[in-house]
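Right, one structure below, let's go through it.
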Amino acid sequence: MPQEDKPARDRVQEPREERYDAQRIEQKWGERWLSDPSLYAAEAHPTKPKYYVLEMLPYPSGALHMGHVRNYAIGDALARYMWMNGYNVLHPMGWDSFGLPAENAAIKNNTPPKQWTLSNIAAMKAQMKRLGFAYDWSREVTTCLPDYYRWNQWFFLKFYEAGLAYRKSSRVNWCPQCATVLANEQVVGGMCWRHEDQLVEQRELEQWFLRITKYADELLRDLQKLDGWPEKVRVMQQNWIGRSQGTLVDFDLGGTVGPAGSTITIFTTRVDTIFGATSLQLAPQHPIVCDLIERNAELRAQVEELIAEQRRAKEAGDIGAIEKHGVFTGRYAKNPFNGEAVPVWVANYILMDYGTGAIMSVPAHDERDFEFAKKYGLELRVVILPQSSDPEETMAEPQLPFTTEDGILVNSGEFSGLNCEDAITQMSARAAEKGFGKATVAFRLKDWGISRQRYWGTPIPMVYCDKDGLVPVAEKDLPVILPDNVPVTLAGGSPLASVPSFLNTTCPKCGGPAKRETDTMDTFVDSSWYFYRYTDAQNDKAPFDSAKVAYWFPIDQYIGGVEHAILHLIYSRFWTKFMRDIGLVTNDEPAARLFTQGMVIKDGAKMSKSLGNVVSPDEMVARYGADATRMYSLFAAPPDRDLDWQESGIEGIQRFLGRVYRFYLRNPVPTIEAAATGPASETKPLSAPARALQRKLHQTIKRVSTDFQGRWHFNTCISAIMELVNEVYSSSAEEARSAGEIPVSLISEVQRDIALLLAPMAPYLAHELWEMAGQTSNLLKAPWPKYDPALAAEDEIEIPVQVNGKLRGLVIVGAGASEDDIKQAARADEKVRAALAGKQVVKVIVVPKKLVNIVVK
RNA sequence: GCGAGAGUGGCGGAAUUGGCAGACGCACCAGACUUAGGAUCUGGCGGGUAAAACCGUGGGGGUUCGAGUCCCCCCUUUCGCACCA
């Protein structure tokens, strides 16, 4: 017998042997895993259920931060759990590797963007491997390499063929610091998404756009299907798309401005109030206003001041609170419904980029118009009355503005007496019939401007020929290679324009001399479809094989930060719908389920260099090991909440892992098992401490499994495993063990199961423990343990006894005790009897297996 | 202003359907083992009390035998949107 009389903890004192050496264990298994590149490989399988788990691909900035680690620890835990549950798991990783930081670095360090990017990728890939993330690297996607970006170009041509890529000159967002155009989605509160202090300017430029607005309705409608997405993200997208049903109405300018018959078209959702319109309000940037100020210097100055006010409000980050100002133009326009001439104003609260940039002002029935009219003494005219009011009384003393849609029209000619809803329908119909307007839908969503005046991006495959005009590059000539050795600066427009060997080409149509488009694509193009490429990453004939996509898609679980709720997640939904329409895929949406993990913060703030509160994953791995680093990021908070990084917390996890490790060291089951001869003692009923341990084991498996299936609260999974380990260590268990009361077979079972339970969250140590438990199979795909509800059930239950809702005693009853038994036991309890003394029992409530409440008076 | 979260010990956080509030971890305190302990193992740990009683889940009401959990009002805070006509 290897055991002596003394408890195991007294037996040895071997700090060296007993120390949990994460670095040694992680190096050992890291080498084994690296030697088998096919370990995490996945191929379509005829019968196994598939599971595509995906974390958002990183930008290769040079080093992972804790937010990455948290993101990937969640995804990796899920992937490993699904493997163990028999799924055919696809778990890939790649690099969103085009973009401005590479150019900035190039300027700063005089390193070519490509070299900088690729060496960053190498460094970060090494970090990921060190952290033990189980990615199928054979499917790695690097968006800045021609074998990927050629398909961006191919897709662009498909969009162009379909009439969904077009070039137009328009006012676009310009960030002076980025020295390039930004998409609307990249402008946050009037500021650049990369430069929070940089006000975005408007410039008139020729740009390429993708017609995402074609899908506006479907993008909105299908949000309903995405019940596996966070409500928050769906709401954000809904707001971004901003669908609004309304009416366009033309107001005739009577030839006083512009050519005869010119009109101002307004957009309104409340055409039912049009008889109450007492002015028109135009955005300062409205084309009619531009015409007007050309010949009126005074007006020009006033309008410019309005624009300046808008800008100042944006800079202050508070557009909503701008004080309303306006200027009367001196002109009038005719309301087509009643023929009335209403004054035309220009106002700073009207936005050029929504609706038509012109509104009718109905001060009696709109808060903003009311405020404006009061300020400038404009007329208020009541045209809607509350349903239930007395008309005379209301008209005598109207409570304005009255804005609800639940009212009756008055003073509205033939439409008087209609309710608002019917009036909107009938008046829109009338406008259409008479040719001065129509019902319409306005969207906040605009087409996606994808041109960037930058070097480090996908060249747009178009050519300008003097003879043939705009000509697409032929598919067979793709990719249009992004040249190396391009001088990069942040001044003077597209860097590619200064590279003659790139710029000068021949026309695909006529063969004559021609010039290439020198803008590159927004990097959000790259990430709009990269996850399809993972299914067939090596394909050089097509972006992917549709059959492979059909097998793997939709993504079963997509995991990333909420900061992409609008940008990436709306573009990639759009891209999917387009691919479906050209027959490449059959799914309507890319991802069935989306999970947005919380941020990693420290000392109450997001980790950032400027605050100096950044924790480096490398340092944590070196100090505590990859397992502890990953596990702490799962333990410190539920994954959807922000995580407050505390160094002492990761120490606690390291301590826990060491505690688990020592349990295996001190109880070398394979040795004991081999030494044990004769019939196993398992047929005997288990001793009480053995039964307690067995019960805890099955309860733990149940808790961890339930959490993995459902709500992903890995913090409580880990707590549960800690409780199990505490049970293993508890003195009763330990003494019982040394007294031989715990059968070796049970110890062995516990050791196998703890390794299995830890495998998704601390894979290195789990593999080591699996081996220490005498197992030789590959833990990665070892079956997830099953719990037996009978074994998890308590034999006896402790039932709290309340008197008038206050805890007065605890009684222990058998698990199968009847209500009467419980009642009796409760009233027999000494403390309960004391609390009941002299009182009259009114009622006794027994909740089986939960509690007893005795109501007295 | 609108929308979506959150508010529980000294700290991170548990409490899945209304049923023992504070699991688990950190910090702290004590003990054991030690030449040593920033190792390990064990115990304690919401406030309050000598011990009880009693008080405790942002505040105030309510429903209920029973509320962190459900309903109403309010406060604070994070995030998103914000004159969207």
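Here is the naming used below: chain letters follow the sequence lines, and residue numbers restart at 1 for every chain.
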How is the base pairing of RNA chain B summarised as a dot-bracket string, given the Watson-Crick and G-U wobble criteria with both distances under 3.5 Å, [ ] for crossing and | for another strand? (((((((..(((......[....))).(((((.......))))).((......))..(((((..]....))))))))))))....
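- More than 12 heavy atoms of other residues, nucleotides or ligands shown are found within 6.0 angstrom of CZ on A:R623.
- Taking a cutoff of 4.0 Å between a charged side-chain nitrogen and a carboxylate oxygen, A:E830 and A:R833 do not qualify as a salt bridge.
- As a whole-Å value, the separation of A:L223 CG from B:A4 C1' is 15 Å.
- For A:R662 and B:C41, the shortest distance from a side-chain N or O to OP1 or OP2 is below 4.0 Å.
- By the 30° and 60° cut-offs, the orientation of the rings of A:F436 relative to A:F337 is perpendicular.
- Among the heavy atoms of the strands, none lies under 4.0 Å from A:P230.
- Ionic pairing of A:E647 and A:K602 is not present here: no N-O contact between side-chain nitrogen and carboxylate oxygen is shorter than 4.0 angstrom.
- With a glycosidic angle further than 90° from 0, B:G62 counts as anti.
- Here the side chain of A:S719 is nearest to one of B:A23, B:A14, B:A85, namely B:A23.
- A:Q202 and A:N173 are linked by a side-chain donor-acceptor pair at a separation below 3.5 angstrom, with hydrogens and angles left out of the test.
- Phosphate proximity of B:A27 to A:R655: present, with a side-chain N or O under 4.0 Å from OP1 or OP2.
- Of the C1' atoms belonging to B:C24 and B:U8, the separation is 15 Å, rounded to the nearest Å.
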Between the protein and nucleotides 63-67 of chain B, list the N/O to N/O atom pairs that are separated by less than 3.5 angstrom.
{"unit_1": "B:C65", "atom_1": "O2'", "unit_2": "A:N853", "atom_2": "ND2", "d": "3.2"}
{"unit_1": "B:C65", "atom_1": "O2", "unit_2": "A:N853", "atom_2": "ND2", "d": "2.6"}

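- For B:U69 and B:U57, the C1' atoms lie 10 Å apart once the distance is rounded to whole Å.
- At a cut-off of 3.5 Å, with distance as the only test, no side-chain donor of A:R171 or A:Q285 sits close to an acceptor on the other residue.
- Atom-to-atom, CZ of A:F714 to C1' of B:C24 comes out at 17 Å; the value is rounded to the nearest Å.
- Atom C1' of nucleotide B:C24 and atom OH of A:Y632 are separated by 13 Å, given to the nearest angstrom.
- Separating the P atom of B:A14 from that of B:G58 is a span of 15 Å, rounded to the nearest Å.
- Between A:K831 and A:D829, no side-chain nitrogen of the basic residue sits less than 4.0 Å from a carboxylate oxygen of the acidic one, so the salt-bridge criterion is not met.
- Of the possible polar contacts, one joining the A:K446 side chain to the A:F443 backbone as a donor-acceptor pair under 3.5 Å is found.
- Nucleic acid contact class of A:D642 (heavy atoms, under 4.0 Å, all strands): sugar-phosphate only.
- Ring orientation note: the planes of A:F372 and A:Y376 are tilted relative to one another, at an angle of 30° to 60°.
- Straight-line distance between the C1' atoms of B:G80 and B:G25: roughly 33 Å, to the nearest whole Å.
- Nucleic acid contact class of A:G355 (heavy atoms, under 4.0 Å, all strands): none.
- Comparing atom distances between the A:L807 side chain and each of B:G12, B:C20, B:G7 picks out B:C20 as nearest.
- The phosphate of B:C20 (OP1 or OP2) has no side-chain N or O of A:R808 nearer than 4.0 angstrom.
- The separation between A:Q237 atom CD and B:C79 atom P is 21 Å, rounded to whole Å.
- Separating the C1' atom of B:G7 from that of B:G59 is a span of 12 Å, rounded to the nearest Å.
- Note on A:S244: a side-chain N or O is less than 4.0 Å away from OP1 or OP2 of B:A85.
- Going from atom CH2 of A:W193 over to atom P of B:G80 covers 15 Å, rounded to whole Å.
- A:S428 and A:T247 share a side-chain donor-acceptor pair at under 3.5 Å.
- For A:N184 and B:C81, the CG to C1' distance is 15 Å, given to the nearest whole Å.
- In this model, the phosphate group of B:U42 is approached by a side-chain N or O of A:R659 to a distance below 4.0 Å at OP1 or OP2.
- Nearest to the side chain of A:S648, among B:C24, B:C26, B:A14, sits B:C26.
- The distance from atom CG of A:D353 to atom CG of A:N184, rounded to the nearest 0.5 Å, is 7.0 Å.
- Neither OP1 nor OP2 of B:U17 sits under 4.0 Å from any side-chain N or O of A:K849.
- In the set B:U16, B:G13, B:G12, B:U16 carries the atom at the smallest distance from any side-chain atom of A:T706.
- Residue-level contact check: A:R243 touches neither bases nor backbone, having no heavy atom under 4.0 Å from any strand.
- When heavy atoms are screened at a 4.0 angstrom cut-off, A:E798 is found touching base atoms of the nucleic acid.
- Within 4.0 Å (heavy atoms only), A:I350 reaches at least one base atom of the nucleic acid.
- Between B:G25, B:A23, B:A4, one nucleotide has an atom nearer to the side chain of A:E723 than all others, and that is B:A23.
- Using a 3.5 Å distance cut-off with no hydrogens or angles, the side chains of A:R444 and A:N239 do not pair a donor with an acceptor.
- Look at the C1' atom in both B:G13 and B:G18: the space between them is 22 Å, to the nearest Å.
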I'd like a list of close polar pairs between nucleotides 48-52 of chain B and the protein, N/O only, cut-off under 3.5 Å.
none

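- The nucleotide whose nearest atom lies closest to any side-chain atom of A:T268 is, among B:A85, B:A4, B:G19, B:A85.
- Closest approach to the A:L351 side chain among B:C79, B:U16, B:A85 is made by B:A85 (side chain taken as heavy atoms from C-beta onward).
- Taking atom P in both B:C20 and B:C73, the straight-line distance is 28 Å, to the nearest Å.
- The local environment of CD in A:E421 is sparse, with at most 12 non-hydrogen atoms from other residues, nucleotides or ligands closer than 6.0 Å.
- Place A:R444 and A:R703 on RNA chain B by their nearest nucleotides, and A:R703 ends up nearer the 5' end.
- When rounded to the nearest whole Å, the span between CD1 of A:I797 and P of B:C20 equals 14 Å.
- Counting non-hydrogen atoms of other residues, nucleotides and ligands closer than 6.0 Å to NZ of A:K375 gives a total above 12.
- Each of B:C11, B:A85, B:A14 was ranked by its minimum atom distance to the side chain of A:R641; first place goes to B:A14.
- The nucleotide whose nearest atom lies closest to any side-chain atom of A:N726 is, among B:G13, B:C24, B:A85, B:C24.
- B:G46 and B:C28 have their C1' atoms separated by 14 Å, given to the nearest Å.
- Nearest-nucleotide positions on RNA chain B for A:G652 and A:M599 put A:G652 closer to the 5' end.
- Among the protein residues, A:Y729 comes within range of the sugar-phosphate backbone only, with heavy atoms under 4.0 Å from sugar or phosphate atoms but none that close to a base.
- Aromatic ring pairs are classed by plane angle as parallel below 30°, tilted from 30° to 60° and perpendicular above 60°; the pair A:F402 and A:H365 is perpendicular.
- Ring geometry for A:Y354 against A:F267 counts as perpendicular: the plane angle is over 60°, on a 0 to 90° scale with 30° as the lower cut.
- Regarding A:E367, its CD atom lies at a distance of 13 Å from the C1' atom of B:C2, rounded to whole Å.
- The side chain of A:K850 lies closest to B:U17 when the candidates are B:U17, B:A85, B:C20.
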